[in-house]
Amino acid sequence: MRGAIADDFTGATDLAGNWRARGLRTAVVLGVPTAEDLAGLADHDAVVVALKIRSAPADVAVAQAREAARALAGLGCTQVYDKYCSTFDSTPEGNIGPIADALLEETGARSAVVVPAFPDAGRTVYQGHLFVGSDPLDRSPMKDHPLNPMWDSRVADLLRPQTAHPVAEVPVGVVHTGEDALRAELARLEESGARYVVVDALDNDDLAVIARATADARLVTGGSGLALGLPPTGRTLGPITAVPGRRAVLAGSASRATQAQVQAAREHLPHVKVDVAAVLADPAGQVDSLLAWAQERWAEAPDRPVLVYSVGEPDDVARGRAVTADASAVVEGLFAALAPRLADAGATQLVVAGGETSGSVAHGLDVAVLEVGQLLSPGVSWLTGRRRGADDVNLVLKSGNFGTVDLFTTAWEELG
């Protein structure tokens with residue numbers, strides 16, 4: 001069985017969707033796994049542990065990652081896939097480095113590759129530099145990320161301040177020579193003292209070479225793209241079953257991609273923007289108000305999704321921060337409280353945008369395990385959420401930067 005630890009919930013479903021696309025029956029466990037959470041997963045090919053540790057205090061993040069690694073070892077996983085965002089977004093202190101350091105110790109690995117590349121989503125690494133589309137990371141929209149603005153594009157330079165271990169690089173020319181040459185170079189660098197090795201990758205063929213060269217590694221680190229380097233099993237997995245009910249989109253991401261998705265959806269869906277000041281003044285009252293608004297819209301058109309969003313234009317970020325520096329936390333808290341109320345009112349199909357928002361919604365719904373379904377676009381899949389003590393729900397938990405511009409209006413077509 002394959003095992004992975006993801007530093008946020010959308011990253012976990014992103015990776016799980018890519019594994020499923022290779023024919024692996026994959027489940028996502030939300031939070032540090034308990035014995036009850038892991039029960040019934042023995043027939044799966046892969047398990048991803050979804051943690052909310054990307055922006056958590058480093059000591060908390062490291063402790064949870066260690067617990068998750070031990071749980072995966074107990075399932076019989078011999079390799080741990082340390083999954084972080086393909087844009088490597090992190091502060092200079094972490095948490096990518098501290099988590100990877102802890103997993104080196106837990107797995108007993110002497111070194112690990114660093115592969116943020118995800119070419120299908122426009123993320124490539126060339127000469128050690130991470131690109132988003134044709135732009136170096138620090139010239140892409142990530143330079144203005146509201147939580148982790150990126151100041152450099154060289155992955156090794158981003159990682160070095162976060163770890164005491166040496167970081168090396170392997171250029172794409174070695175990758176193109178083939179898996180044997182790459183395996184030999186990784187071994188040479190390990191013998192010379194390197195503990196992390198950033199490997200160039202321009203396309204999925206490069207990822208396949210890296211995956212084969214590291215097939216026996218105890219630890220690999222990267223975005224979800226590396227999962228696409230696995231050879232397909234040849235097995236075709238059917239779609240997950242749609243849970244009949246109402247539909248809603250909860251968009252808490254401030255990314256440019258989500259803003260474009262919100263703008264496109266507003267032309268077709270009933271929509272309302274979160275009022276940060278009102279939520280701060282009366283959180284419960286705003287949940288009641290938004291629930292009543294959604295129920296009125298469903299009464300008019302039962303099958304039409306409703307859209308609740310926090311950022312539709314770039315200026316909305318500044319407006320929220322003008323109210324409180326913790327505007328993002330206020331929004332997350334609102335969605336965590338709103339989601340179960342919507343579910344109680346019959347909403348069984350939810351599309352959620354934003355890694356932190358997805359984590360908050362999943363916690364609010366008390367989802368324990370996600371079964372991964374059909375892929376909508378790179379990094380975006382339909383899921384069935386198994387709730388503790390409540391009926392199942394269908395979910396899309398997507399990173400703010402992922403998904404087609406029309407996702408909020410077309411996702412439902414793939415669910416049936």
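Note that this is a predicted model, so its numbers are computed, not measured. Side-chain atoms are counted along with the backbone in the values below, which use heavy atoms only and exclude waters and symmetry mates.
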Subject >> Derivation of the side-chain contact (heavy atoms from CB on, under 4.5 Å) call for Leu342 and Val308 >> reply: CA-CA 12 Å; Leu342 293 173; Val308 183; 5.8 Å; no
Decide whether [X] and [Y] meet the rule of one side-chain donor and one side-chain acceptor closer than 3.5 Å.
{"X": "Asp135", "Y": "Ser140", "value": "no"}
{"X": "Thr163", "Y": "Asp101", "value": "yes"}
{"X": "Thr221", "Y": "Tyr84", "value": "yes"}
{"X": "Thr404", "Y": "Asp406", "value": "yes"}
{"X": "Asp120", "Y": "Asn204", "value": "yes"}
{"X": "Arg218", "Y": "Thr107", "value": "no"}
{"X": "Thr13", "Y": "Thr10", "value": "no"}

Side-chain contact test, heavy atoms from C-beta onward, threshold under 4.5 Å: evaluate it for [X] versus [Y] and give yes or no.
{"X": "Asp200", "Y": "Val170", "answer": "no"}
{"X": "Trp412", "Y": "Glu414", "answer": "no"}
{"X": "Leu182", "Y": "Leu186", "answer": "yes"}

**OP:** Indicate the ring-plane relationship of Trp19 and Tyr81, choosing parallel, tilted or perpendicular according to the 30° and 60° boundaries.
**Re:** perpendicular
**OP:** Kindly assign one of parallel, tilted or perpendicular to the pair Phe118 and Phe402, based on the angle between their ring planes and the thresholds 30° and 60°.
**Re:** perpendicular
**OP:** Run the numbers on His271 and Arg266 for side chain to side chain donor-acceptor pair (under 3.5 Å), then give the verdict.
**Re:** CA-CA 6 Å; His271 55 271; Arg266 285 187 308 202; 5.0 Å; no
Could you tell me the separation between the [atom1] atom of [X] and the [atom2] atom of [Y], rounded to the nearest 0.5 Å?
{"X": "Glu105", "Y": "Arg66", "atom1": "CD", "atom2": "CZ", "answer": "4.5 Å"}
{"X": "Arg25", "Y": "Leu41", "atom1": "CZ", "atom2": "CG", "answer": "8.5 Å"}
{"X": "Arg2", "Y": "Thr78", "atom1": "CZ", "atom2": "OG1", "answer": "8.5 Å"}
{"X": "Ile5", "Y": "Leu103", "atom1": "CD1", "atom2": "CG", "answer": "4.5 Å"}
{"X": "Ser253", "Y": "Lys398", "atom1": "OG", "atom2": "NZ", "answer": "6.0 Å"}
{"X": "Leu350", "Y": "Asn394", "atom1": "CG", "atom2": "CG", "answer": "9.0 Å"}

**OP:** Output yes when a side-chain donor or acceptor of Gln64 lies under 3.5 Å from a complementary backbone atom of Leu51, and no otherwise.
**Re:** no
**OP:** Keeping the roles fixed (side chain from Gln349, backbone from Val243), state whether a donor-acceptor pair exists under 3.5 Å.
**Re:** yes
Original post:
For Thr410 and Glu413, what are the C-alpha separation, side-chain angles and deciding distance, and is it a side-chain contact (heavy atoms from CB on, under 4.5 Å)?
Top reply: CA-CA 6 Å; Thr410 61; Glu413 299 169 5; 4.2 Å; yes
Salt bridge flag under 4.0 Å for residues [X] and [Y]:
{"X": "Glu313", "Y": "Arg319", "value": "no"}
{"X": "Glu332", "Y": "Lys52", "value": "yes"}
{"X": "Arg387", "Y": "Asp392", "value": "no"}
{"X": "Asp89", "Y": "Arg54", "value": "yes"}
{"X": "Arg70", "Y": "Glu67", "value": "no"}
{"X": "Asp344", "Y": "Arg341", "value": "no"}
{"X": "Lys83", "Y": "Asp8", "value": "no"}
{"X": "Arg195", "Y": "Glu190", "value": "no"}

**OP:** Flag yes if more than 12 heavy atoms outside Asp216 fall under 6.0 Å of its CG atom; otherwise flag no.
**Re:** no
**OP:** Give the C-alpha distance, both sets of side-chain angles, the deciding distance and a yes or no for side-chain contact (heavy atoms from CB on, under 4.5 Å) between Thr26 and Asp45.
**Re:** CA-CA 6 Å; Thr26 307; Asp45 303 303; 5.7 Å; no
**OP:** Could you walk me through whether Glu36 and Arg388 pass the salt bridge (Lys or Arg N to Asp or Glu O under 4.0 Å) test, one step at a time?
**Re:** CA-CA 11 Å; Glu36 183 179 355; Arg388 299 180 180 93; over 6 Å; no
Subject >> Ser381 to Leu375 - nearest heavy-atom pair and separation >> reply: OG-CD1, 3.2 Å
